[in-house]
Amino acid sequence: MPVRIVQSKQNARVKELRRALAHPSREPGGLIGIEGPNLVAEALRARLHIHCVFAAHGTDQHLEALGVSAATDVLVMSSELLASSLATETPQPIAALVEPPRWDWNHLLDSQHVHAPLVVVLAGLQDPGNLGAIVRSAEAFGASGIICLPGTVSEWNPKAVRASAGSVFRVPVMATGVNQCFIRLREAGVTILSTAVRAARPAHDADLAGPVALLIGGEGGGVPRDLASRADAAVTVPCPGPVESLNAAVAAGVLLYEASRQREGRP
């Protein structure tokens with residue numbers, strides 16, 4: 001494990017970390033920045049390629065506990081220098097540059113899944129915390145993956161990665177255009193259900209055991225009308241309380257739980 005001492009903000013790797021955290025990219029070949037020993041451990045558990053680890057002075061025990069590959073570069077620096085490159089208000093003592101997983105349509109729609117495909121389609125979701133929470137719920141309830149339509153925040157936004165608690169390293173997440181999304185889902189025989197507040201079937205009365213895609217809208221106006229009109233039907237989470245609608249992440253979590261409940265025990 002090659003260890004180097006760094007003392008300047010102008011170090012090329014430090015600048016790369018700062019850039020990856022400030023402007024997360026989905027471009028092939030790009031690296032993502034992650035913060036904290038827990039997320040680095042999750043990346044290692046997902047067998048992602050870690051290009052470089054950044055550690056504050058005095059964190060030898062964290063590095064030993066992580067078991068970073070002997071071939072991985074480790075840059076050690078002052079806590080102040082590391083903190084200046086990170087995105088969190090409470091800086092972590094460990095960060096890393098990681099090669100993200102690459103997913104394709106087979107990962108989302110492959111018939112070899114234990115159950116029929118269960119996909120979440122996000123239309124204009126802009127809060128990274130919501131996206132991360134949805135990714136976490138997707139893994140918890142056995143979803144096949146997530147599709148991000150234009151206008152949806154990057155899954156590699158640092159807040160999204162933290163909110164996912166590492167699930168984003170394992171759950172297939174793809175960004176694609178609207179037409180490509182609907183074409184591929186239709187070809188795979190997936191029923192597309194838009195979420196709505198009114199004029200929709202209650203989730204417990206809808207068939208979520210077959211191949212299903214759940215269309216979730218943004219935090220403001222929900223699913224855009226032009227997208228909702230292309231869905232096969234609409235589904236809602238009944239709320240007996242005096243609340244008009246649920247947070248996007250909460251609604252997605254409830255629907256994913258209901259789909260998991262319906263699929264329990266089915267081949």
Side-chain angles (χ1 to χ4, degrees), residues 20-28 30-36 38-39 42-43 46 48 86-89 92 98 100-105 107-108 117-178 180-181 185 192-196 212-224 227-228 231 235 237 245-260:
L21 290 169
H23 305 287
S25 172
R26 291 181 172 127
E27 293 301 318
L31 300 181
I32 60 170
I34 61 175
E35 305 175 48
N38 290 339
L39 282 179
E42 289 293 330
L48 300 186
L86 303 184
T88 50
E89 294 182 5
Q92 297 281 341
V98 180
R102 298 299 173 193
W103 309 107
D104 57 34
W105 288 101
H107 292 107
L108 272 77
L118 173 60
V119 179
V120 179
V121 180
L122 302 178
L125 194 76
Q126 297 180 343
D127 187 308
N130 279 340
L131 187 144
I134 291 172
V135 175
R136 187 69 169 165
S137 294
E139 182 173 38
F141 298 119
S144 313
I146 293 173
I147 297 172
C148 296
L149 298 183
T152 296
V153 66
S154 171
E155 66 274 23
W156 302 123
N157 179 290
K159 291 183 179 179
V161 175
R162 289 197 300 274
S164 81
S167 291
V168 72
F169 301 141
R170 298 178 292 270
V171 175
V173 181
M174 287 180 53
T176 189
V178 172
Q180 175 77 346
C181 171
L185 292 176
I192 302 171
L193 299 178
S194 176
T195 52
V212 168
L214 301 170
L215 185 56
I216 307 290
E219 293 81 358
V223 179
L227 294 184
V235 66
V237 177
S245 63
L246 294 173
N247 167 281
V250 173
V254 172
L255 291 171
L256 287 168
Y257 165 76
E258 175 60 24
S260 175

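All of these numbers come straight from a predicted model, not from anything done at the bench. Counting begins at 1 with the first residue of the sequence.
Scanning for side-chain contact (heavy atoms from CB on, under 4.5 Å) contacts around Thr195 gives Ile216, Val223, Val235, Leu255, with sequence neighbours left out. For Arg170, the salt bridge (charged side-chain N to carboxylate O under 4.0 Å, His left out) criterion is met by Glu42, Glu139, not counting sequence neighbours. Scored by the side-chain contact (heavy atoms from CB on, under 4.5 Å) test, Gln92 finds Glu35, Pro37 as partners (sequence neighbours excluded). A search for side-chain contact (heavy atoms from CB on, under 4.5 Å) contacts involving Val178 returns Leu149, Pro150, Phe182, Leu227, Arg230, not counting sequence neighbours. Among residues two or more places apart in sequence or in another chain, the side-chain hydrogen bond (donor to acceptor under 3.5 Å, both in side chains) test is passed with Asn247 by Asn130. For Glu258, the salt bridge (charged side-chain N to carboxylate O under 4.0 Å, His left out) partners two or more places apart in sequence, or in a different chain, are Arg261. Contacts of Pro100 classified as side-chain contact (heavy atoms from CB on, under 4.5 Å), with partners at least two apart in sequence or in another chain: Ile32, Arg102, Trp156.
Under the 3.5 Å distance criterion, the side-chain polar atoms of Ser137 are matched with a main-chain donor or acceptor of Ala133.
Contact annotation: the side chain of Pro117 never approaches that of Leu108 to less than 4.5 Å [non-hydrogen atoms, C-beta and beyond]. Inter-residue side-chain proximity for Val250 and Val237 is flagged as unmet; no heavy-atom pair is nearer than 4.5 Å. Contact of the Val161 side chain with the Pro24 side chain is not registered, since no non-hydrogen atoms from C-beta on lie closer than 4.5 Å. For the pair Leu256/Leu214, a side-chain contact is recorded, criterion being any heavy-atom separation below 4.5 Å from C-beta on. Counting heavy atoms from C-beta on, the side chains of Trp105 and Thr176 come closer than 4.5 Å. In this structure the side chain of Asn157 never reaches within 4.5 angstrom of the side chain of Leu131, judged on heavy atoms. Two residues are said to be in side-chain contact when any heavy atoms from C-beta on lie closer than 4.5 Å; Val98 and Phe169 fail this criterion.
What you find for Val173 and Glu155 is that their closest heavy atoms are CG1-CD, 3.8 Å. For Asp127 against Gly129, the heavy-atom pair with the smallest separation is OD1-N, 2.7 Å. In terms of heavy-atom proximity, Val119 sits nearest to Ser144 at CG2-CB, 4.4 Å. Scanning both residues, Ala213 and Val121, for their nearest heavy atoms gives CB-CG2, 4.1 Å. The two atoms that bring Ile34 and Leu39 nearest to each other are CD1-O, 3.8 Å, heavy atoms only. Heavy atoms only, all atoms of each residue included: Ile134 and Ala249 are closest at CG1-CA, 3.7 Å.
Between atom CD1 of residue Ile192 and atom CG of residue Leu185 there is a gap of 4.5 Å, rounded to the nearest 0.5 Å. Atom CD in Glu27 sits 10.5 Å away from atom OG in Ser154 (nearest 0.5 Å).
In this structure, Tyr257 places its OH atom where only 12 or fewer heavy-atom neighbours from other residues, nucleotides or ligands lie under 6.0 Å away.
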